[in-house]
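Some notes on the structure that comes next.
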Amino acid sequence: MCGPAMFPAGPRWPGVRVLQMLWALLAVLLASQRLWAIKDFGECTWQVVLNEFKRVGENGASDRFFEQELVDTVGNLFHMLVDSPIDPREKYLGFPYYLKINYSCEEKHSEDLVRMGHLTGLKPMVLVTFQSPVNFYRWKIEQLQIQMEAAPFRSKEPCMAEEVCGMSWYTPMPIKNGSVVMRVDVSSNGLGTFIPNKRFQVNINGFLKRKQDNNIQFTVGDELFDLMPWYFVGISSRPLWHTVDQSPVLILGGIPNEKYVLMTDTSFKDFSLVELSIDSCWVGSFYCPQSGFTATIYDTIATESTLFIRQNQLVYYFTGTYTTLYERNRGSGSWVRVLASECIKKLCPVYFHSNGSEYIMALTTGKHEGFVHFGTIRDGQVSFEMLPRQWSVCEQIGVTTCSIIWSDYIAGEYTLLLLVESEYENASKRFQVVSYNTASDDLELLYRIPEFIPEARGLEFLMILGTESYTDTVMAPKGISCNPYNHLIFIWGNFLLQSSNKENFIYLADFPKELSIKYMARSFCGAVAIVTETEEIWYLLEGSYRVYRLFPSKGWKVHISLQLMQQSSLYASNETMLTLFYEDSKLYQLVYLMNNQKGQLVKRLMPVEQLLMYQQHTSHYDLDRKGGYLMLSFTNFCPFSVMRLRSLPGPQRYTRQERYRARPPRVLERSGFHNENSLAIYQGLIYYLLWLHSVYDKGNLMVPVFIGCPPGKRLAFDITYTLEYSRLKNKHYFDCVQVDPEMPCFLFRDIFYPFFLIQDLVTGDSGSFQGSYVLLVVGGGPTLDTLKDYNKDEIYRFNSPLDKTNSLIWTTRTKRTTKDSAFHVMSHESPGIEWLCLENAPCYDNVPQGIFAPEFFFKVLVSNRGVDTSTYCNYQLTFLLHIHGLPLSPKRALFILMVSVSVFVGLVTFYIAFCLLWPLVAKGCTMIRWKINDIIASESYYTYASISGISSMQSLRRSRMGSVFSSRMTEDRAEPKEAVERQLMT
């Protein structure tokens, strides 16, 4: 595993001519080895075109792939093969096209080369790989290939030679239901001229039709055959948006002031310029202000069967004619306008399909600002839903005004990542990353983007913690994207932020803040290309922190100098890039070249490794003086870092890739050339081979062949889709009070719709389980700690529709049962499960653990053994199901009601009695306090009086002369007595 070494973009070139000459000389020396290899091995290349069934052998014939109906012209030939191992009772059909194979070498005549290759034993080997369909509910997901040996065929053109003048090789071009994207790999059998392997995209174009005059035209508009320079020269490049590996036709707009688009079904090996047949109306209103009108097609997105475009605020779609996908014609007759009452400012692509559907997002402005129109495409049918379903994003994040400037959808998590611009009362603007779950309707604020670009201080990257210093440059985010394979998220604008957990972001400081990113092209295999507003091209590897400038750069100057020296037709001094995209993990440019006032639109490879190599060698060198001259030397000769992995497990002997091999029928002609009849028989044999393949799949078998169950497959509970579908059917979803993300709850009174997945642990594939199964509750308990397994008799009573003991836990309206009618047989189309918990069921009369309704955990067993004919595999799955909101039994409910009423009545009675008796109690307490005070005062008085009498007797005995004085003293003592009595009274 190799990748480019991580070296920073170098400083500006020195102005010394000597160094420039040395660098150019170095580039020539480095390229010499590669040029030698190209001269010996890479100068010859395969050429492949399509020919219709009736045009075999015509020179220069090249047809477009749009016919999808089988040809019924080969059956009569098979009845003539009386001695061949064929079944005369079967009907043999043919495909509408052949693959015509030639090869050419530089500066050599093509006819001579092909004839020489045939005479030296060269035979092309053609490997056709069928891409699996999006809708796995309709078609089976499989990795199918068929390898065919090409048959030589003479040209029908007049020839003076006795044997052959012109010739080509031919193979049938097979068609498979459910597949519209095919890869054709051409290789040699190892004899004759060495020709490198080459891959071709051969896709069905469902946007073509045949007119009455037998000419072919586009259904989306009129094809233009004059590519004027002003259509492309000097225009801005734009992204190429499509569903990865699923879109047979690609579309690219952006031609100024014209309704023109580029369309291709060969990934721009060839293309057509088409003027779209749309009305180009301009609708402005008070909620959708428009400052001007233009015919330019701004946004274009291609899916498996449907094309989307945006012109001004209007959105249109067109569904192609693909009978191999729908089994009937669902193609559009004209462009269909959607979201007619909305003001759409931008379309956002979804690169990967999920759950049998493809998706697209439309960002709106005006009256529905803060919402996203989420589009779903399945079998050519398009529908839109406005999200969030309840409150706008602005309302849920607590701002009065906001705008969604970009959206990305993580299909496997049912999550929308929204880049939101919020405006506050002080006229300041801030940006946030918001996550919205389409299944649960939950919205979460994930990250607040800093207002200014951080100060890196010479570092390659900087972890954003909030404590770093910042520059004066305001952050201007433009987009957000996520790689579903490694979960890396990029936020881009005049900066580049990277995160692996949606919470902690790293600022990549190699990208200059003076530039602004226009769009990103991702390979989803680790490599990312960046295009700026000034048409600069940058490159980075996901997970690393280094960003490299590819164009303009020193490496680019060296590369283009070498190409011009070789007089390459793919480069020119005046060129305009239209788009940048990845194909098979390789980076390509679509470029318009101007040479001598003549224009040419070409697709060329962007040599990332060579550019990095040139920059590496031109940045790390030394000039050593040897005598009277300088000698060029380098500090590092290896421009790449190499990783070698050891102690790895051996490769698997068997994989899930199915490959058939076919050879053409034998011919008796001594030169080995075929005729039209033998090629037609070849067509019928390939058709019959694929027909047998479809019959044998894991459907109705013609012969009793049992191939068993592949290892590594298992059944899994699809909790995500179950939640989404249940919420959709029940119109709501209520989780438990204490939410457990690992085990969501289901409400007792809601219908339960279970869905399951088949997971392949060998290939990693996963698809919906479409077979039949038996569902049984085999255990349960009110808490996880009290779970118990039920015995065989209990399982029968709790699950069987034949039970008469009033013990059923659940029921369903499904009529199909097992052979003994003991249990229901269900499938993904079943009407769902209704929870009962009858009187003798274990979940009946469950005591609540608090003030909330009772809960119960069911241990559920799912098995397809003996009831499923769609597979040889016997699947069995046991999982826990958390149900809340169970009802109380009537007795317990009455008891709780009586207790509650009794307590309530008791409290009310006590309150009333308290209110009535309190005045009497208070009065009685007051009287008692008065009596106690009187008693205390009387006792004090008598005690004081006794003491005073004794003192008076003693005074009379001493002297009778003091009677007057004694009398006065008695009056004086009477006053304290009265004071004491008054104090006691109070």
Item to check | Distance-only polar pair, side chains of Asn257 and Thr294, donor-acceptor under 3.5 Å | outcome: yes
Checklist entry - Does the side chain of Glu369 come under 3.5 Å of the side chain of Ser403 through a donor N or O and an acceptor N or O? => result yes
Next on the checklist: Walk me through whether Phe308 and Tyr316 qualify under ring pair (Phe, Tyr, Trp, His ring centres under 6.0 Å).
Outcome noted: CA-CA 6 Å; Phe308 291 86; Tyr316 300 86; over 10 Å; no
Checklist entry - Side chains of Glu304 and Ser247: does their closest heavy-atom pair fall under 4.5 Å? => result no
Checklist entry - Are Tyr571 and His559 close enough that their ring centres sit under 6.0 Å apart? => result yes
Item to check | Aromatic contact, Tyr545 with Phe461 (centres under 6.0 Å) | outcome: yes
Item to check | Test ring pair (Phe, Tyr, Trp, His ring centres under 6.0 Å) applied to Tyr470 and Phe452, step by step | outcome: CA-CA 6 Å; Tyr470 292 89; Phe452 298 97; 7.4 Å; no
Checklist outcome for this item: By disulfide (SG to SG under 2.5 Å), Cys482 pairs with (sequence neighbours left out) none
Item to check | Leu488 vs Ser499 side-chain heavy atoms within contact, under 4.5 Å | outcome: no
Checklist entry - Taking atom types as modelled and ignoring hydrogens, do the side chains of Thr300 and Arg310 form a donor-acceptor contact shorter than 3.5 angstrom? => result no
Checklist entry - For Cys402, which residues count as a disulfide (SG to SG under 2.5 Å) partner, sequence neighbours excluded? => result Cys394
Checklist entry - Do Lys603 and Phe268 meet the cation-pi criteria used here (NZ or CZ under 6.0 Å from the six-membered ring centre, within 45° of the axis)? => result no
Checklist entry - Can you list every ring pair (Phe, Tyr, Trp, His ring centres under 6.0 Å) pair that touches residues 497-532, not counting sequence neighbours? => result Tyr351-Phe524, Phe352-Phe524, Tyr447-Phe505, Phe511-Trp538
